[in-house]
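Residue numbers start from 1 in every chain, and the chains themselves are labelled A, B, ... in the order their sequence lines are given, proteins ahead of strands.
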Amino acid sequence: MPGKLKVKIVAGRHLPVMDRASDLTDAFVEVKFGNTTFKTDVYHKSLNPQWNSEWFKFEVDDEDLQDEPLQITVLDHDTYSANDAIGKVYIDIDPLLYSEAATVISGWFPIYDTIHGIRGEINVVVKVDLFNDLNRFRQSSCGVKFFCTTSIPKCYRAVIIHGFVEELVVNEDPEYQWIDRIRTPRASNEARQRLISLMSGELQRKIGLKVLEMRGNAVVGYLQCFDLEGESGLVVRAIGTACTLDKLSSTAAFLPACNSPSKEMKEIPFNEDPNPNTHSSGPSTPLKNQTYSFSPSKSYSRQSSSSDTDLSLTPKTGMGSGSAGKEGGPFKALLRQQTQSALEQREFPFFTLTAFPPGFLVHVGGVVSARSVKLLDRIHNPDEPETRDAWWAEIRQEIKSHAKALGCHAVVGYSESTSICEEVCILSASGTAAVLNPRFLQDGTVEGCLEQRLEENLPAGCGFCHIPYDELNMPFPAHLTYCYSCRKQKVPDVLFTTIDLPADATVIGKGCLIQARLCRLKKKAQAEANATAISNLLPFMEYEVHTQLMNKLKLKGMNALFGLRIQITVGENMLMGLASATGVYLTALPTPGGIQIAGKTPNDGSYEQHISHMQKKINDTIAKNKELYEINPPEIPEEIIGSPIPEPRQRSRLLRSQSESSDEVIELDLSHGKKDAFVLEIDDTDAMEDVHSLLTDVPPPSGFYSCNTEIMPGINNWTSEIQMFTSVRVSRLSNINLTNQTLNKNFNDLCENLLKSLYFKLRSMIPCCLCHVNFTVSLPEDELIQVTVTAVAITFDKHQAVQTTKTQVEKSSQRASIDNEELLQFPLELCTDTLASHPFSSAKEHLESTSSNSGIPAAQRDRCNSWIELIKLKAQTIRRGSIKTTMPVEKASPLTEGHFRQRSAPACANSTVGVVKMTPLSFIPGAKITKYLGIINMFFIRETTSLREEGGVSGFLHAFIAEVFAMVRAHVAALGGNAVVSYIMKQCVFMENPNKNQAQCLINVSGDAVIFVRESELEIISTQQPIASCQPACSGGEIAT
Amino acid sequence: MTNELDIFVGNTTLIDEDVYRLWLDGYSVSDAVGLRVRSGILEQTGATAGVLQSDTMDHYRTFHMLERLLHTPPKLLHQLVFQIPPSRQALLIERYYAFDEAFVREVLGKKLSKGTKKDLDNISAKTGVTLKSCRRQFDNFKRVFKVVEEMRGSLAGNIQQHFLLSDRLARDYAAVVFFANNRFETGKKKLQYLTFGDLAFCAELMIQNWTPGAVADSQLDDMDVDLDKEFLQDLKELKVLVADKDLLDLHKSLVCTALRGKLSVFAEMEANFKNLSRGLVNIASKLTHTKDVRDLFVDLVEKFIEPCRSDRWPLNDVRLFLNQYSASVHSLDGFRHQTLWDRYMVTLRSCLLRMYHD
């Protein structure tokens, strides 16, 4: 009995009229948790009842606390007939289970009914008292923090990033059970909502257990999805990245880790608990008593959730805490050995993160993806979801081998998805193959000054572009050149990734959203035949999507894609492919060549003319785009690139002298001047269409930018105004005799028009950028295409841009010069400090280990050995005047701050309902996140049998989405928060039957509830800290009882 | 390919003021799109007609959903479904409750009943305000009327509290409610020249001085909607001013003496004094009859304003005359109802001066 849940029902308001005679309601409330139910008194004849109930107390296992939602039902009392339900509120109490998050849930919740929508509000207070539990075989994982954010949350520091965790649970879908034929739609919907809530609770608990096994304390980049497999059942699955996080106190951002990191590396792994705070009050202390082996080298395969298996995988390391740290010498060697193989020994070295601590990402290989088509069968035994598990294991294995082929030992920005149509299911997984710095993957805190040194070691922001694979043994044909930044290493001509642009990457100009859209008709077929048909189509779709992306990227004059997400959707009679990514121009990669068009019949005069006309149009577009996105890289003659590495110092002069002759050629003839010009052969009408479609993409109106990554490269002066939105469109394909071409055009128009509408709607926010633009396509019926977009529009200050960049340039050049001086003094220091404990040398060690690890030619390994060479590198970065793109949140100039103050003053005018911001990003511009309150993961069903009366399909869905937003905001406010970050609408399944006047919709959303403080208010609040969270959250004293 | 479903939902509800105005003015979606196209928005933004159509539909749908809440504005402030900044909430409410001058002049003083509502299409045809907009404005009047009808305390204050309107708009609504309750005739042809502003001005003065709330000290009796019955009864006492011939003559000579040489229309005034005075006093003494209350403004125009206007009295002369006319009564020894006279005349004088124009 390790927990006591206490609930108090305070009052209701705006209740619906349930008694027509009196125009009033006799309301009472049922509070249910697990199998226990309490009731309030009936409050007669009021639409605003004041129950002010006693504290209802539930004594429960913490396992139940994690799995079960608190269920609050508001009913209308009826003396003679059955009581009528008004609606329900489900409250996930998980945020109360770890001490750092919320301490109380208190506030107004919308009362929700799956048939009528929101019907009034109810004021509820919920608290949990947890007792310490020393049971080592427990099934719960209270205390493990969950974050949807796919980077290290802002007020934490990653001590260790353990790696991939996954789990799935299956069940029968209540909608397809026999009982559904006799129960009401409401009962069926509620059964479904409750089941999914239970399943996600269970899933989260099981994942938590795995994290504890790995000795982590948090899951970052947690992504949970539902597969509605219809007859064959309901699958809830989740992936995430297990981490050990350390809370940054606002005063001491950097912990004292500066001295002798290598010594610490020996000791800390076996220190009892790197972060006693996290566990002190939760029930998760028993960790210490368990005899786990050293975590990083352990294989985290899918295993049963109980913690007693697999303990002996790495006997070398001995018996966990206490035993290590004594034998220094041999152990050190062992440690290194482990470091190298740390990742290789893992079954799946995957990371769901898309942004990383500085120094984590060493090299990026490229996008790896795998798909497989499966036939669904009925899940016979929900307790053993082996089939589904095997499917995913298969795919992950494939991803892993793809990564290996790219010379990478890890996959970052990893995600999984499904598309289901009838009994066919496409499973997809994708990520970015990468070489990581093992420093973060083990128990060693090597932060602080070491990190800074390490950064200075590396040439600014080009390291991740360097190829991780062997040049002579390339996995695919690619055109390699020497890196345009450091000139030392080879880089590919283009780079595709699924991650966010690394913070230290140097780009030229701004980025833009690039989409590839594709439809392919397929014959209607059954079972096996259908699956085969789909499997046969998939490679062609992948190929075409890739070609389209490449063409569009070149048309934009850019050379890299970030945040790439390719979605393949299966329907009855077609397949849809939609790829979204953010194109940028990376300084380190070569200038992209143009697009050259080649005709099939060169002798035809008019045809020739047509071709040249097209060619000219394409060239014009490229030139226009370069101007639009401010891409003006310094011209570098080609001769240099292929030649052996010249002396850095001489190069600048060389550049000048040689460039004059070739410059003009490049300027004038984009398509023919470069060897790597992309050739498009127009050999049939299909290709003609392709070229046309290339040119039909209209750039956003001036003042607008868009990207699907967290932040827009090239814009760093965000103002605090944000607007998150969801837009849904369903289009009916009119004619039956569809061809691939018309289909493509329709789909293209649908997406383009949707974007145009967004730009128009948000025109009052100009200048502004649509960030994290997330398109989802589904094919709900034969001739219906549904496109759902969620994004956030953020305004930025155009005028300030100039100034901030200027100051940043100044800053960076200043800093660089200081660095230079420091570096010059370095050898002296090194002499006095011969011990290996010097931070700098250990950093070097890391570099060495990394490079040897990833199989880079030995010649490169000693690149940091000579100080002189390092200075040269430094000098080069200065000359290039590279500007770091940093977010204003972290590095706001005094000017920016002043501006925030101005802007935010009217925004915080008091209103009766507190404003809750929502954003798909992990941060809030102009503000600092001070606390994470817990994960929000909500699932709603809405159904109607009076579709016309509710304003048709649009009215129905509009109201429902608005209600979902409202319920998310209410939950966040009740936790004491004022924003949701990393918000995502994971599912929006819409079904209609206009003939029967019916429609149904399922929505699943998630995000992280946070408290943020405006930067302008930060100073004031820091002096009076306890008031920081003005919501009931601060009544901590009371809760402790 | 047609869009079956097309929606946009923001975390902060987007409100386009221009579209809101079109919606309030009762235009259909297609008319609104046409009007927006003509405003040149396509050229400004580079949008297509399709985009405009979708945008307009979306806003209309939002407004439609908000309308239910706008009927009880405090609900708009407390609801959780639409996140709207307070300044925008105020704008939504204020615009929703704003009304057209042309429309209000047609409805002012009419019973807010189903009968009047049926008549709205005529009003719409006559005023050029769309039927939809007429309905909204009429329903607003009726809704406000129903809520504050039986309430105690300041009429404008009650309206402001329950509908969160601005001070100005709340006072206008107070006038509308007051007129509707007392059913003052305002539609006659000879009253057409009066603006809503004129009538609202008069209503405000009457609420201040002629209702039970004007004299009552306790909140219990503070009713602003009806005229003070006792006061109306007492007004009969004023009849002596015209019935008693000596008193009338004395009154006339006092006024004439004071104004001699000061009026450009002195002769006309002297000749008309008895008629004017009889008119004003008779109006007062008849106010016990509901029918005469309704005709108050007709009587004022017929008995006082028209005679003055036909003799081309300048406004200043009217002011001098009315001041002297009411002040001189205090010097009539035989007259005992000085306070009553003041309560009547102070209001009436201000009303007449406001109404005295072309």
Review point. So which part of A:Val916 gets closer than 4.5 Å to some heavy atom of chain B, the side chain, the backbone, both or neither?
Key: both
Practice item. For B:Glu106 and B:Asn122, test the side chains for any donor-to-acceptor distance below 3.5 angstrom and give the result as yes or no. Key: no
**Study point:** Most chain B-contacting option - heavy-atom pairs closer than 4.5 Å, from A:Val964, A:Val953, A:Val728, A:Leu758
**Key:** A:Val728
Exercise for review: Test the B:Arg135-B:Phe138 pair against the cation-pi criterion, namely NZ or CZ under 6.0 angstrom from the six-membered ring centroid and within 45° of the ring axis.
Suggested key: no
**Study point:** Which atom of A:Met938 lies closest to which atom of A:Met967, heavy atoms considered
**Key:** CE-O, 3.9 Å
Practice item. Counting only heavy atoms closer than 4.5 Å, note whether A:Leu754 contacts chain B via side chain, backbone, both or neither. Key: neither
Check your understanding: Using non-hydrogen atoms only, which part of A:Gln786 is less than 4.5 Å away from chain B: side chain, backbone, both, or neither?
Key -> neither
**Study point:** All side-chain hydrogen bond (donor to acceptor under 3.5 Å, both in side chains) counterparts of B:Ser133, not counting sequence neighbours
**Key:** B:Gln137
Check your understanding: In terms of heavy-atom pairs under 4.5 Å, which option from A:Arg969, A:Glu992, A:Met724 contacts chain B the most?
Key -> A:Arg969
Review point. Given a strict heavy-atom distance threshold of 4.5 Å, which part of A:Leu784 is in contact with chain B: side chain, backbone, both, or neither?
Key: side chain
Point to revise | Most chain B-contacting option - heavy-atom pairs closer than 4.5 Å, from A:Val792, A:Asn753, A:Leu957, A:Val787 | key: A:Leu957
Practice item. Tell me, for A:Ile118 versus chain B, whether the close heavy atoms (under 4.5 Å) come from the side chain, the backbone, both or neither. Key: side chain
Revision key, fill the gap. When the 4.5 angstrom heavy-atom criterion is applied to A:Phe990 and chain B, the contacting part is side chain
Practice item. Return the minimal non-hydrogen interatomic distance between B:Leu70 and B:Pro73, and the atom names on each side. Key: O-CD, 3.4 Å
**Study point:** Pair listing, salt bridge (charged side-chain N to carboxylate O under 4.0 Å, His left out) test, anchored in residues 53-73 of chain B, at least two apart
**Key:** A:Lys761-B:Asp55, A:Lys761-B:Asp58, B:Arg36-B:Asp55, B:Asp58-B:Arg61
Check your understanding: If you measure from the Lys or Arg side-chain nitrogens to the Asp or Glu carboxylate oxygens, is any gap between A:Arg119 and A:Glu963 under 4.0 Å?
Key -> no
